[in-house]
Amino acid sequence: DYSPFLGIEKGAVLQEARVFNDPQLDARRCSQVITKLLYLLNQGETFTKAEATGVFFAVTKLFQSRDIGLRRMVYLMIKEISPSADEVIIVTSSLMKDMNSRTDMYRANAIRVLCRITDGTLLTQIERYLKQAIVDKNPVVASAALVSGIHLLQTNPEIVKRWSNEVQEAVQSKAALVQFHALGLLHQIRQNDRLAVSKLVTSLTKGAVRSPLAQCLLIRYTSQVIRESGVNNQTGDRPFYDYLENCLRHKAEMVIFEAARAITELTNVTTRELTPAITVLQLFLSSSKPVLRFAAVRTLNKVAMTHPMAVTNCNIDMESLISDQNRSIATLAITTLLKTGNESSVDRLMKQITNFMSDIADEFKIVVVEAIRSLCLKFPLKYRSLMNFLSNILREEGGFEYKKAIVDSIVILIRDIPDAKEGGLLHLCEFIEDCEFTYLSTQILHFLGNEGPKTSDPSKYIRYIYNRVILENATVRASAVSTLAKFGAMVDSLKPRIFVLLRRCLFDNDDEVRDRATLYLNTLGDGSVAETDKEVKEFLFGPLDIPLKNMETSLKNYIQDPLEEPFDINSVPKEVKSQPLAEKKASGKKPTGLGAPPAAPASAADAYEKLLSSIPEFAAFGKLFKSSAPVELTEAETEYAVNVVKHIFDSHVVFQYNCTNTIPEQLLENVTVIVDASEAEEFSEVGTKPLRSLPYDTPAQTFVAFEKPEGVPAAGKFSNVLRFTVKEVDTSTGEPEDDGVEDEYQLEDFEVVAADYILKVGVSNFKNAWESMVPETERVDEYGLGPRESLAEAVNAVINLLGMQPCEGTEVVQSNSRSHTCLLSGVYIGNVKVLVRLSFGIDGAKEVAMKLAVRSEDVSVSDAIHEIVASG
Amino acid sequence: DLCPSVKNILLLDSEGKRIAAKYFSDDWPTNNAKDAFEKTVFTKTQKTNARTEADIVMFENKIVVFKFVQDLHFYVTGGEDENELILATVLQGFFDAVGILLRGNVDKKEALENLDLILMCLDEVVDGGIVLETDANSIAGKVASHSIDSGAPLSEQTISQALATAREHFTRSLLR
């Protein structure tokens, strides 16, 4: 395989670079050497600092040559090396000379090189030339200056902003790309000035833009202006929509597509607005160019998520794309069809997909599986053919992610479609007979243990489960033992036979497997046909209502500092700590299948608990039930910043005021908060802990404690004044003056509300938890919430009012949906578990109605929840 | 930022080896990351037949448009929200300009022998991620005009022929 660079070696090329120093330069030879150097860099070879410096200095010598080609290679080389500031000075004068040359190519390239390597100081020297270059009659020179301006705006905005007159002139240029570059730069200069951008868009959309690229830019800017200005409420018209629609008739495909995409992405786009855009995208679907088909089908796929009806017209074109050579296009077409299809087309569609599945990559298959899952939930009557499809593909080859997606889908269908349950469980059983993924086997075994005993004939699953004990690795065997025990505990008639199987497990060679078998054999009774004790069931298989993360932390603390008495599980805090936003987003989006509920992250509650127990005055209050999130009591950027954390105990509350002094010239001493509790009748103040000293910018806390009736969710409003002695500080020495002045500072009020008495504690399976509560504790009522901004806003308001943990991602409301069900779970003060099921509906006038069903371990708590809502 | 942007332009051979590449974004900070990306791109597009029309693939939140000729694979990558047709226009401009500069003899051997032209061509298509020029004749014209009067680089015969054609092509496009 011939290559001119065969056997090329860095050291040798660097030696060759000595020709750059020859008094009689051989331009051709020098060009070749630079090409070799660039080849090395391009292949990922790196030069040491010394080597780079050496090459750089040698290359600067080549400015002596008048050879145009060589000069061009010199430019490339300098850009690749990106010289340091002191090296830049060496080439500055040469490049500035080129910038003023009569050869346009020199000028254009020298501008680009100089702007690439320059720093701010040099820039002011060459600013004058750059401004001239922007309006140069040679388009290549003008573009070079404009593009350099776009890059420089990032590092030296104040200089580039001074060029806006020249840039504005360049926007009028007849040269297509100059117009594009000028428009890009002008918008970036003005992007923070909404009025200016709006004016720019208004004047340009009247038709001065010729270049397709500039037109695409203008469409993007226009969409931005539309987003920010909203719909004209009187006429219902959207400003600039006509411009976008006109662009659909442009001769350049990139402009047509840009406009169509912009229309589909308009907020609250109407069907009337969508139609012309859908029509041009539909034409693209049958283009001979794959890029065009892909762009169109990808956009239509997105539209189908929110406006499936608008896309149905394209269904015939979509169906022909299922056999597209490009598998991305085919997958997008299929998932679009799955979103827009109706019940009668499902069977035909499934047939087409079956042929298609065998020859696409796993990543595409996963997308299809997820689309099928949504389809099945949409048309539950079609579960039979969809479930069959899923079980068929489960038997075929595939990687872990793909298999997991299928299993997750089957699990969700079993949960949501009762008729699908028995068939679905058997599909899963068959799958674990030949499953290479330990994770999936154990998850399916766990799921079988929960669902299998509740079926009409639980005994038929035992064979599959016990086969695991014989055939699999230790992890799977241990899971299988637990699953067997669950069947034994739940199905009394099976118990004797289960005991026989469990006894065989006592001889397993793995500790965990034997331990589990021993535990179950010793707790589930004597192996006769008898009902298993409720407490035993609860102990063995009941939900662990403690966040695992908290459990882990508590155990670690216990091991570090072991006590005489055994570890007490009741000492583990139950509060789920608020998750970081990013994590929440990720877990909230997808319906969780087999996976356990998201683990609770590490806690601030531990820190609070430590802090409070270290204060003797509060040590007698008992165990901390809950700490609220901080409530700000001052505006941002005031002299003193104060927020409060409400700590709830069984018969006390402690307010922790976090104070920050933001004035360097002041030292505060004896800081207290004077609390007026006249609007909180059930509370009486029992103590305060002043803050001795509050220096500048060092946050510290003062506390006030109240007594309240035991176990009662007392509510009330508290007004606060910060009282302190202020001393002037000499900022040069940091020494405070001796004498201080007493002063007060008014803080905002805050309230203790019902939500402060409810812990956010999630449950992994809401349906199971709900069913396990005594139905007699259920309290149901309906409420009118009046006109609301949106359904999502109403759902959020109720969640916040109750302060409970949303389960199974039900806090997310699909946009445009008219009804929503939200599931909440929590622990009420006094350690009473409570579950809430909220059903919302919204009508055309945005009136929201809500049905609230509560179950809890104590009827009075169910009533209390209703009271909170009724008075909220 | 709303300005269309190109994340990289790649020219690989029929085994996925890099002939020339230019990266404009910091998505790939190391040479290993670049190699890995090129390997993925190559594997994902290997079996396609992007010879008459440019084809497209999307992965790792990026869109890649590509076109093959002989044993050369041309790629242009953009972000997932980029207008696919803009990327395709950049690809076509680069692809055709190389065709002009190599006077129709577009294969790996010619590309390597005229690597200086390829590198200059890359430099004229995109500057720091911003599209500089998409018209193949203009791109080739700029590259060729630089080389006029210079001695013939690496492979003397081919390059002087290439330049002659490039110049001729350029003047023809001006006369049109």
Side-chain angles (χ1 to χ4, degrees), chain A residues 2-5 26-28 31-32 34-35 38-39 42-44 46 67-73 75-76 79 105 108-109 112 116 140 143-144 147-148 150-151 177 180-181 184 187-188 212-213 216-217 220-221 224 253-254 257-258 261 288-292 294-295 298 325-326 328-329 363, chain B residues 1-4 13 18-22 30-32 34-35 44 48-50 52-59 63 65 83-89 91 108-109 112-113 115-116 119-120 123 127-135 138 142-143 145-156:
Chain A
Y2 167 78
S3 158
F5 302 104
D26 179 346
R28 199 186 72 193
S31 280
Q32 287 175 357
I34 295 186
T35 306
L38 289 171
Y39 174 82
N42 217 280
Q43 293 297 318
T46 49
D67 185 287
I68 303 181
L70 175 58
R71 183 65 56 87
R72 184 56 211 260
M73 295 307 281
Y75 294 143
L76 277 187
K79 280 202 271 191
M105 285 305 158
N109 278 292
R112 285 171 58 202
R116 169 68 53 88
V140 183
S143 277
V147 170
S148 299
I150 294 175
H151 296 312
L177 279 128
F180 164 60
H181 295 134
H187 179 263
Q188 285 192 24
L213 276 169
C216 287
L217 262 188
R220 293 182 189 185
Y221 300 156
Q224 193 186 30
E253 281 162 349
M254 75 163 79
F257 174 68
E258 187 75 43
R261 192 171 69 158
S288 64
K289 299 178 188 167
V291 176
L292 213 48
F294 175 89
R298 185 157 80 112
Q325 289 259 317
N326 183 318
S328 307
I329 295 176
E363 52 183 303
Chain B
D1 184 15
L2 299 174
C3 208
D13 72 7
R18 186 188 300 163
I19 290 173
K22 193 86 189 136
T30 62
N31 192 54
N32 281 345
K34 290 174 185 155
D35 278 341
K44 282 192 186 289
T48 57
N49 184 19
T52 46
E53 292 285 358
D55 209 337
I56 184 164
V57 68
M58 189 174 146
F59 64 94
I63 295 174
V65 291
N83 181 329
E84 292 90 337
L85 304 178
I86 293 182
L87 296 176
T89 308
L91 173 71
K108 179 182 172 184
K109 183 163 167 283
L112 283 170
E113 284 182 343
L115 190 69
D116 52 343
L119 292 173
M120 281 193 246
D123 187 54
D127 181 298
I130 297 172
V131 182
L132 205 52
E133 179 57 80
T134 56
D135 178 69
S138 307
K142 283 198 252 176
V143 173
S145 81
H146 282 294
S147 307
I148 290 169
D149 301 333
S150 77
L154 297 176
S155 162
E156 293 179 28

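Source: prediction; values computed, not measured. For the numbers below, each heavy atom of this structure counts, side chains included, while hydrogens, waters and symmetry mates do not. Chain A is the first sequence line, chain B the second, and so forth, proteins listed ahead of strands; every chain is numbered from 1.
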For this session: Would you sort out whether B:Asn83 and A:Arg220 count as a side chain to side chain contact (heavy atoms under 4.5 Å, CB included), showing the intermediate values?
Result: CA-CA 11 Å; B:Asn83 181 329; A:Arg220 293 182 189 185; 3.7 Å; yes

Side chain to side chain contact (heavy atoms under 4.5 Å, CB included) between A:Leu292 and B:Leu85: does it pass, once the steps are laid out?
CA-CA 7 Å; A:Leu292 213 48; B:Leu85 304 178; 3.3 Å; yes

Determine, stepwise, if the pair A:His181 / B:Leu132 fulfils side chain to side chain contact (heavy atoms under 4.5 Å, CB included).
CA-CA 8 Å; A:His181 295 134; B:Leu132 205 52; 4.2 Å; yes

Q | side chain to side chain contact (heavy atoms under 4.5 Å, CB included) between A:Lys79 and B:Asp123, intermediate numbers included | A | CA-CA 10 Å; A:Lys79 280 202 271 191; B:Asp123 187 54; 2.9 Å; yes

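Taking CE of B:Met120 as the reference point, atom CG of A:Leu38 lies at 9.5 Å (rounded to 0.5 Å). A distance of 9.5 Å separates CG of A:Asn42 from CG of B:Asn31, quoted to the nearest 0.5 Å. A distance of 9.5 Å separates CD of A:Glu258 from CD of B:Glu84, quoted to the nearest 0.5 Å. Once rounded to the nearest 0.5 Å, the distance linking CG of B:Leu2 with SG of A:Cys216 reads 12.0 Å. Between the SG atom of B:Cys3 and the CD1 atom of A:Ile150 there is a distance of 5.0 Å, given to the nearest 0.5 Å. Expressed to the nearest 0.5 Å, how far CG of B:Leu112 lies from OG1 of A:Thr35 amounts to 11.5 Å.
A salt bridge links A:Arg116 to B:Asp127: one of the charged nitrogens lies within less than 4.0 Å of a carboxylate oxygen.
Chain B forms more heavy-atom pairs under 4.5 Å with one residue of A:Gln188, A:Arg71, A:Gln224 than with any other, namely A:Gln188. In terms of heavy-atom pairs under 4.5 Å with chain B, the best-connected choice from A:Leu217, A:Asp26, A:Ile329, A:Ile34 is A:Leu217. Ranked by non-hydrogen atom pairs under 4.5 Å with chain B, the options A:Met73, A:Glu253, A:Lys289, A:His151 are led by A:His151. Among B:Thr134, B:Thr89, B:Thr52, B:Val131, the residue with the largest count of heavy-atom pairs under 4.5 Å with chain A is B:Val131.
A 4.5 Å side-chain heavy-atom check between B:Ile63 and A:Arg298 finds at least one atom pair inside the cut-off. Looking only at side-chain heavy atoms (C-beta outward), B:Thr48 and A:Gln325 stay at 4.5 Å or farther from each other.
With sequence neighbours left out, B:Asp35 forms a salt bridge (charged side-chain N to carboxylate O under 4.0 Å, His left out) with B:Arg18. Scanning for ring pair (Phe, Tyr, Trp, His ring centres under 6.0 Å) contacts around A:Tyr221 gives A:His187, with sequence neighbours left out.
Closest approach of A:Asn326 and B:Ile56 over heavy atoms only: ND2-O, 2.9 Å. When all heavy atoms are compared, the tightest approach of A:Pro290 to B:Glu53 is CD-CB, 3.7 Å. Taking all atoms of both residues into account, the shortest heavy-atom contact from B:Val57 to A:Ser328 is CG2-OG, 4.3 Å.
At a 4.5 Å heavy-atom cutoff, the contact between A:Ser288 and chain B is made by backbone and side-chain atoms alike. Neither the backbone nor the side chain of B:Lys34 has a heavy atom closer than 4.5 Å to any heavy atom of chain A. Contacts of B:Ala88 with chain A are made by side-chain atoms alone, with heavy-atom separations under 4.5 Å and no backbone atom involved. Looking at B:Leu87, there are no atoms closer than 4.5 Å to chain A (heavy atoms on both sides), in backbone or side chain.
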